[in-house]
Each structure stands twice: as C-alpha cells, then as structure tokens.
Amino acid sequence: QGSDRADLSTSFNVISQTAPFIQDFENTFGWASDLPWTVTTDDASDPGHSATHAMEDSPSSNYPENADRRLIVQVNTLAVPRPVLRFNNKYSFENGADFGVVEYSVDNVNWSTITGITGNTNTLWETKEFDIAPIKSLNAAYVRFKTISNGGTNSDGWHLDDVEIYNNTKVLDLPIFDDAETDTTSQKYWIAGQYSIKSANAYSGLQVWALPPSGGSYNYLTLSGTLNLTNAPNPFLSFWIKKADGGTGALSIEASNNAG
C-alpha cells in the first residue's frame with residue numbers, strides 16, 4: 001500500500017480526414033480509439049470489403065460485459081454540401097441488448113445518434129449508407145462508432161472497413177413512384193440506412209420497406225437525391241404505413257430546401 005500519487009498522460013494527434021474520402025485502413029490513418037479497437041488482417045480472406053486490413057472492436061475475442069468502446073474520426077466537410085456516410089461491416093451482437101452505434105458531433109462533446117445496429121450478419125459483410133446532412137460544409141465535425149453492451153451475453157462484436165464520406169450530387173425528377181416490388185428500382189431512390197426491403201405485410205404487392213425489430217433510436221429512409229420541383233407547383237406526397245405489433249416510437253416526415 002502507499003499514498004503517493006502518479007499522474008500519467010499520453011498525447012497523440014488526430015488527423016482530420018477531408019471529405020470526400022474513403023478509409024480502407026491499409027495505410028496510415030489518424031483516428032482516435034479506445035482499446036482494443038485496432039486494425040487486423042483477420043478478415044483478409046473475406047469477400048465484401050477491400051484488400052486485407054479492417055478495423056475490429058475486440059480482435060481475437062468477444063467484447064466484454066458493459067462495454068463502451070469508441071472509434072472516432074474528425075472530418076472536414078467544407079467541400080461536401082450533401083454528405084453521405086458509407087461503410088462495409090460485419091457484426092455479431094446480442095440481439096436487442098448490445099449495439100454498434102453510429103453517431104455524429106459538431107464539437108466532439110455533444111453527440112447525436114444516427115442509428116444502432118444489433119443482431120448479426122452471419123459472418124457476411126454488408127454495406128451501410130446513411131445521410132449525414134447535419135455535418136455538411138463544416139471545417140471540423142466528428143463521426144463515432146461505438147460498441148455498447150449490457151451485463152449478459154457477449155459476442156464477436158463489430159468489424160469495419162472502407163469507411164467513406166462522399167458528396168451526393170444526384171437529382172431526382174418527378175414523378176417518383178416506389179412500390180418496393182423491384183429491388184433495383186427501389187434502391188436507386190433511397191439512402192436506406194437501416195431500412196431494407198422485406199416480404200411482409202405489404203399494402204400492395206408482396207414487399208415493403210421495413211426496419212429490423214431492434215433498429216436503434218433513430219432511423220432514416222432518405223431520398224437519394226435532391227428533388228427537382230421545377231415543373232411541380234403543387235407537389236403531393238402519399239404513402240401507406242403499418243406499425244409493427246407491440247412496437248413503440250413514432251414516425252415523422254421531414255422536408256428541407258437546403259439538404260437538411
């Protein structure tokens with residue numbers, strides 16, 4: 001035992017990434033992370049992501065109970081008036097209890113949730129894409145990937161690669177009609193986030209846009225381009241919606257004339 005105090009500190013440089021960019025973790029990068037987030041070659045033979053390296057939250061093991069592990073990138077979006085975040089990932093979380101959370105911040109203090117990811121991809125890599133208009137055209141903003149868990153079941157966690165922010169320059173002309181029956185047609189209209197096309201409870205046809213049962217706090221299905229309303233003096237929006245049995249939460253429809 002002893003009463004002496006030792007103060008220790010470590011300094012490091014966070015290198016801002018200027019959008020548009022794609023980070024494939026094959027070379028030097030300046031992201032800040034909690035241990036044991038690190039780059040490995042464990043997924044080198046997997047299809048669905050680039051080359052040999054990828055980021056993991058718990059390499060060679062499962063994440064622990066009550067985890068709160070963060071990976072943060074500072075981004076410059078001055079040249080990106082309509083930013084979209086895209087990345088490849090695979091994951092295994094206790095469904096509905098443990099999450100991979102995607103967040104953004106304009107000051108690295110106050111954070112807003114983009115989505116929560118739970119369940120698993122059955123070892124397969126998937127591409128996720130999210131509209132991140134709230135951090136458009138900024139000298140410095142932040143994106144954070146965070147693994148959080150409860151005190152129960154542990155699993156493999158989160159693998160990330162090919163993290164990209166690009167400028168969405170797409171323009172959509174009216175009329176737009178999407179009945180979700182043809183995947184390739186529907187997917188060109190939307191930045192889907194956590195939504196996906198499912199065969200379930202359709203109002204017409206067989207398919208719908210739907211969220212998984214545990215999709216996190218906030219989830220957005222965003223039009224994939226700016227609407228051209230030049231020839232539409234009285235634009236009209238209509239759709240059908242069904243809330244899942246026993247589901248909670250609310251739906252809001254948002255519109256913007258400046259990309260959010």
Side-chain angles (χ1 to χ4, degrees), residues 11-60 63 69-93 99-108 111-117 121 123-148 156-169 191-194 222 224:
S11 63
F12 59 92
N13 293 322
V14 176
I15 301 172
S16 179
Q17 298 235 228
T18 300
F21 70 84
I22 181 168
Q23 179 55 257
D24 59 10
F25 303 111
E26 299 298 324
N27 298 294
T28 301
F29 63 97
W31 295 28
S33 63
D34 293 329
L35 292 174
W37 275 104
T38 193
V39 173
T40 77
T41 57
D42 294 345
D43 303 310
S45 61
D46 288 357
H49 72 110
S50 66
T52 57
H53 294 76
M55 181 70 76
E56 296 184 46
D57 68 348
S58 50
S60 303
Y63 55 78
R69 297 176 171 179
R70 309 169 187 195
L71 173 68
I72 303 172
V73 55
Q74 183 187 79
V75 296
N76 179 322
T77 60
L78 286 175
V80 183
R82 191 172 181 200
V84 177
L85 172 67
R86 179 165 56 199
F87 56 88
N88 291 321
N89 74 155
K90 71 175 184 178
Y91 52 87
S92 179
F93 295 110
F99 289 86
V101 181
V102 186
E103 302 170 306
Y104 70 84
S105 173
V106 297
D107 58 10
N108 202 22
W111 292 88
S112 298
T113 302
I114 298 173
T115 195
I117 294 171
T121 59
T123 74
L124 299 176
W125 286 81
E126 295 180 346
T127 300
K128 298 289 187 181
E129 196 169 32
F130 301 91
D131 183 273
I132 52 171
I135 60 171
K136 65 178 182 178
S137 303
L138 294 176
N139 182 60
Y142 303 85
V143 174
R144 181 165 74 181
F145 301 89
K146 181 172 67 174
T147 293
I148 54 174
D156 179 53
W158 210 356
H159 302 236
L160 295 169
D161 203 2
D162 310 314
V163 180
E164 178 181 7
I165 292 179
Y166 70 89
N167 188 36
N168 182 7
T169 60
I191 298 170
Q194 283 289 83
T222 308
S224 62

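Because only heavy atoms are used, hydrogens play no part in the values below, and waters and symmetry mates are left out as well, while side chains stay in. Heads up: numbering here begins at 1 and tracks the sequence.
Aromatic ring pairs are classed by plane angle as parallel below 30°, tilted from 30° to 60° and perpendicular above 60°; the pair F145 and W31 is parallel. Relative orientation of the F25 and F29 rings is perpendicular, given thresholds of 30° and 60° on the angle between their planes. Relative orientation of the F130 and F87 rings is parallel, given thresholds of 30° and 60° on the angle between their planes. Using cut-offs of 30° and 60° on the angle between ring planes, the pair W125 and H159 is perpendicular.
One finds a salt bridge joining D131 and R82 here, because a Lys/Arg side-chain nitrogen approaches an Asp/Glu carboxylate oxygen to under 4.0 Å.
Scanning all heavy atoms of the two residues, the minimum distance from E26 to S50 falls at OE2-O, 3.8 Å. Summarising the geometry of F93 relative to D57, their closest heavy-atom pair is CE2-OD2, 4.5 Å, with the distance given to 0.1 Å. In this structure, A79 and A19 approach most closely via the heavy-atom pair CB-O, 4.0 Å. In terms of heavy atoms, R69 sits closest to Y63 at NH1-CA, 4.1 Å. Listed here is the closest heavy atom pair of S16 and N76: OG-N, 3.6 Å. Pairing each heavy atom of V106 with each of P134, the nearest pair is CG1-O, 4.4 Å.
Rounding to the nearest 0.5 Å places CZ of R70 at 9.5 Å from CD1 of I148. A distance of 10.5 Å separates OG1 in T127 from CG in D161, rounded to the nearest 0.5 Å. L85 CG to T115 OG1: the interatomic distance, rounded to the nearest 0.5 Å, is 11.0 Å. Atoms CG and CE, from D24 and M55 in turn, are 11.5 Å apart once rounded to the nearest 0.5 Å. Atoms CZ and OG, from R144 and S33 in turn, are 13.0 Å apart once rounded to the nearest 0.5 Å.
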side-chain contact (heavy atoms from CB on, under 4.5 Å) evaluation trace for V80 with V75
CA-CA 11 Å; V80 183; V75 296; over 6 Å; no

Working for side-chain contact (heavy atoms from CB on, under 4.5 Å), residues T222 and V84
CA-CA 11 Å; T222 308; V84 177; over 6 Å; no

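T113 contributes no side-chain N or O that, together with a main-chain N or O of E103, makes up a donor-acceptor pair within less than 3.5 Å. Put simply, the side chain of D162 never gets that close to the backbone of N88: no donor and acceptor are under 3.5 Å apart. One N or O on the side chain of N168 and one on the backbone of S224 form a donor-acceptor pair closer than 3.5 Å.
Counting only heavy atoms from C-beta outward, the side chains of P81 and K136 never approach each other to under 4.5 Å. Residues W37 and T147 meet the side-chain proximity criterion, which asks for heavy atoms closer than 4.5 Å. Residues D43 and K90 are in side-chain contact: their nearest non-hydrogen atoms beyond the backbone lie under 4.5 Å apart. With contacts defined as side-chain heavy-atom distances shorter than 4.5 Å, the pair F21/I165 qualifies. W158 is listed as a side-chain neighbour of I117, based on a closest heavy-atom distance under 4.5 Å. Taking 4.5 Å as the limit, every side-chain heavy atom of V73 sits out of range of all side-chain heavy atoms of Q23. Contact check for I132 versus P83: side-chain heavy atoms found under the 4.5 Å cut-off. At least one side-chain heavy atom of E126 sits under 4.5 Å from a side-chain heavy atom of N89.
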